[in-house]
Amino acid sequence: MAKKDSYARPVHEEVRSVAKAICASLKHRGHTVPHSVLLNAVAAALKERDSATLRATLAGTAPAA
């Protein structure tokens with residue numbers, strides 16, 4: 001049985017908001033990174049394979065590991 005995280009999982013809108021904030025911060029510093037790349041980076045930080053898998057997990061529709 002997988003160990004559950006000790007923190008509440010964010011909702012998809014929060015993940016998108018974090019990715020947008022990172023994008024804005026990087027753009028302010030002269031870097032352009034596609035939103036999809038940032039979504040995948042946020043998903044990786046939350047220990048998911050990619051943003052689609054994270055979205056399914058957050059929606060409760062991801063297959064059990």
Set of residues satisfying side-chain contact (heavy atoms from CB on, under 4.5 Å) with respect to Val15, sequence neighbours excluded: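 If we apply the side-chain contact (heavy atoms from CB on, under 4.5 Å) test to Val15, skipping adjacent residues, the hits are Pro10, Leu39, Val42, Leu46, Leu54, Leu58.
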Non-neighbouring partners of Ala21 that pass side-chain contact (heavy atoms from CB on, under 4.5 Å), sequence neighbours left out: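 Partners of Ala21 under the side-chain contact (heavy atoms from CB on, under 4.5 Å) test: none.
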Closest contact, heavy atoms only, Ser51 versus Ala43: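 The pair with the smallest heavy-atom distance is N-CB, 3.8 Å.
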Side-chain donor or acceptor of Asp50 paired with backbone N/O of Asn40 under 3.5 Å: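 No, the answer is negative, given that no donor and acceptor are paired below the 3.5 Å cut-off.
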Distance in Å, Lys47 NZ paired with Thr53 OG1, rounded so as to fall on 0.5 Å steps: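 One gets 15.5 Å once the value is rounded to the nearest 0.5 Å.
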Separation between NZ of Lys20 and NZ of Lys27, rounded to the nearest 0.5 Å: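 Between atom NZ of Lys20 and atom NZ of Lys27 there are 12.5 Å.
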Within residues 28-37 or reaching into it, pairs that qualify as side-chain hydrogen bond (donor to acceptor under 3.5 Å, both in side chains) - sequence neighbours excluded: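 Passing the test, one end in residues 28-37: Ser25-Arg29.
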